[in-house]
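What follows is a set of notes on a single structure, which appears directly below.
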Amino acid sequence: MDSTITIREYELEDVKEMVELGELMHKEGAYSFLPYSKAKLRELGKRFKQTDYGNAWVAIADGKVIGMYVAFITEYFFCYEKIAQDFLLYIHPDHRKGTIAIRLVKKAEEWARERGAKEFCPASSMAISSGRLEKLYNFMKFKTVGHIFKKRLD
């Protein structure tokens, strides 16, 4: 099952499909009350290829993007050391079994390590399978630290 799925760094040609898959994630997630800007995301996809600030990895099955992981590197607010974080991890609902998520996260970890990040701190604020996601990260030796709090201000 997973052996027919390729995990690789995204290419500019993947951005259109990634944005479409992201729209599915947006509808399913906690931010569905906000607009979804395809134009902004297409620009982000281009910018990541022009800088070393962020990157993305895709899972490809039958020539289609069925999963993606988007990460970025910034500095800790209190020093100049680097920390890697993520924007999103999303796998199409029809493909959420197997090791796709683990394989995507490992690619991002390697990338962050190569760029000198001291930690990799992914977060989950989409509220899509949060319990499963916590188990996945704990299985991969990530520690659960803190909480995310949200309050709508409208």
Side-chain angles (χ1 to χ4, degrees), residues 1-12 14-15 17-32 34 36 41 44-45 47-151:
M1 173 165 102
D2 266 9
S3 61
T4 61
I5 296 170
T6 303
I7 306 294
R8 62 167 172 75
E9 187 174 313
Y10 87 109
E11 298 294 335
L12 286 175
D14 298 319
V15 172
E17 278 189 81
M18 293 170 71
V19 170
E20 295 302 320
L21 184 61
E23 188 170 26
L24 183 62
M25 175 189 71
H26 183 73
K27 289 176 183 174
E28 187 179 350
Y31 297 105
S32 61
L34 294 169
Y36 185 77
L41 293 166
L44 183 64
R47 192 171 350 128
F48 275 12
K49 284 296 183 190
Q50 297 166 349
T51 68
D52 206 28
Y53 161 75
N55 207 344
W57 299 266
V58 291
I60 307 290
D62 299 320
K64 295 186 177 207
V65 175
I66 53 102
M68 58 188 168
Y69 195 71
V70 182
F72 65 97
I73 293 179
T74 189
E75 293 177 350
Y76 291 92
F77 72 92
F78 53 85
C79 70
Y80 295 103
E81 295 293 338
K82 295 177 185 176
I83 181 172
Q85 298 176 307
D86 70 341
F87 282 126
L88 65 93
L89 166 61
Y90 188 73
I91 299 166
H92 189 283
D94 295 343
H95 297 275
R96 289 189 181 155
K97 297 205 182 278
T99 62
I100 299 169
I102 291 171
R103 293 167 61 198
L104 286 166
V105 173
K106 284 186 176 187
K107 288 287 188 185
E109 276 187 273
E110 291 170 22
W111 172 81
R113 189 175 291 111
E114 289 169 1
R115 279 147 189 80
K118 298 296 181 188
E119 288 185 299
F120 189 18
C121 299
S124 173
S125 63
M126 289 297 291
I128 300 172
S129 303
S130 294
R132 287 179 57 198
L133 187 59
E134 182 177 16
K135 287 178 185 174
L136 169 84
Y137 281 125
N138 289 162
F139 174 78
M140 294 182 71
K141 307 295 185 222
F142 286 83
K143 294 179 184 175
T144 301
V145 179
H147 302 277
I148 294 176
F149 300 96
K150 293 175 68 160
K151 179 181 183 181

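Model, not experiment: these values are computed from the prediction. Position 1 is the first residue of the sequence; numbering continues from there.
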Pair up each side-chain donor or acceptor in residues 62-76 with any protein partner under 3.5 Å, not counting sequence neighbours, and list the distances.
| from | atom 1 | to | atom 2 | distance (Å) |
| --- | --- | --- | --- | --- |
| Tyr69 | OH | Asp86 | OD2 | 3.3 |
| Tyr69 | OH | Tyr137 | OH | 3.2 |
| Tyr76 | OH | Glu119 | OE1 | 2.7 |

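Considering all non-hydrogen atoms of both residues, Pro122 and Phe142 come closest at CD-CE2, 3.5 Å. Here the closest non-hydrogen pair linking Phe48 and Phe87 is CZ-CE1, 3.5 Å. Here the closest non-hydrogen pair linking Pro93 and Glu28 is CG-OE1, 4.0 Å. For Glu9 against Trp57, the heavy-atom pair with the smallest separation is CA-CD1, 3.7 Å. The two residues Val15 and Gly45 make their nearest non-hydrogen contact at CG2-CA, 4.1 Å. The nearest pair of heavy atoms linking Leu34 to His26 is O-NE2, 2.7 Å.
A 6.0 Å sphere centred on NZ of Lys135 holds no more than 12 heavy atoms belonging to other residues, nucleotides or ligands. More than 12 heavy atoms of other shown residues, nucleotides or ligands fall within 6.0 angstrom of atom CZ in Phe78.
A cation-pi contact links Lys150 to Tyr31, judged by a cut-off of 6.0 Å to the six-membered ring centre and 45° from its axis.
Considering CD of Gln85 and SG of Cys121, their distance stands at 6.0 Å, rounded to 0.5 Å. Expressed to the nearest 0.5 Å, how far CG of Leu136 lies from CZ of Arg96 amounts to 12.5 Å. Distance check: Leu12 CG to Tyr10 OH gives 6.0 Å after rounding to the nearest 0.5 Å. Expressed to the nearest 0.5 Å, how far CZ of Arg47 lies from CG of Leu41 amounts to 10.0 Å. Distance check: Ile100 CD1 to His92 NE2 gives 11.5 Å after rounding to the nearest 0.5 Å. For the atom pair CD1 (Ile91) and NZ (Lys97), the distance works out to 12.0 Å, reported to the nearest 0.5 Å.
Considering only residues two or more places apart in sequence or on other chains, Thr51 meets the side chain to side chain donor-acceptor pair (under 3.5 Å) condition with none of them. For the salt bridge (charged side-chain N to carboxylate O under 4.0 Å, His left out) test, residues two or more places apart in sequence or in another chain that qualify with Lys118 are Glu81. Scanning for salt bridge (charged side-chain N to carboxylate O under 4.0 Å, His left out) contacts around Asp52 gives Arg115, with sequence neighbours left out. Applying the salt bridge (charged side-chain N to carboxylate O under 4.0 Å, His left out) criterion to Glu20, with sequence neighbours excluded, gives Lys38. With sequence neighbours left out, Arg8 forms a salt bridge (charged side-chain N to carboxylate O under 4.0 Å, His left out) with Asp14.
Counting heavy atoms from C-beta outward, Arg103 and Lys107 have side chains that stay 4.5 Å or more apart. Within the 4.5 Å cutoff, the side chain of His147 has heavy atoms near those of the Phe149 side chain.
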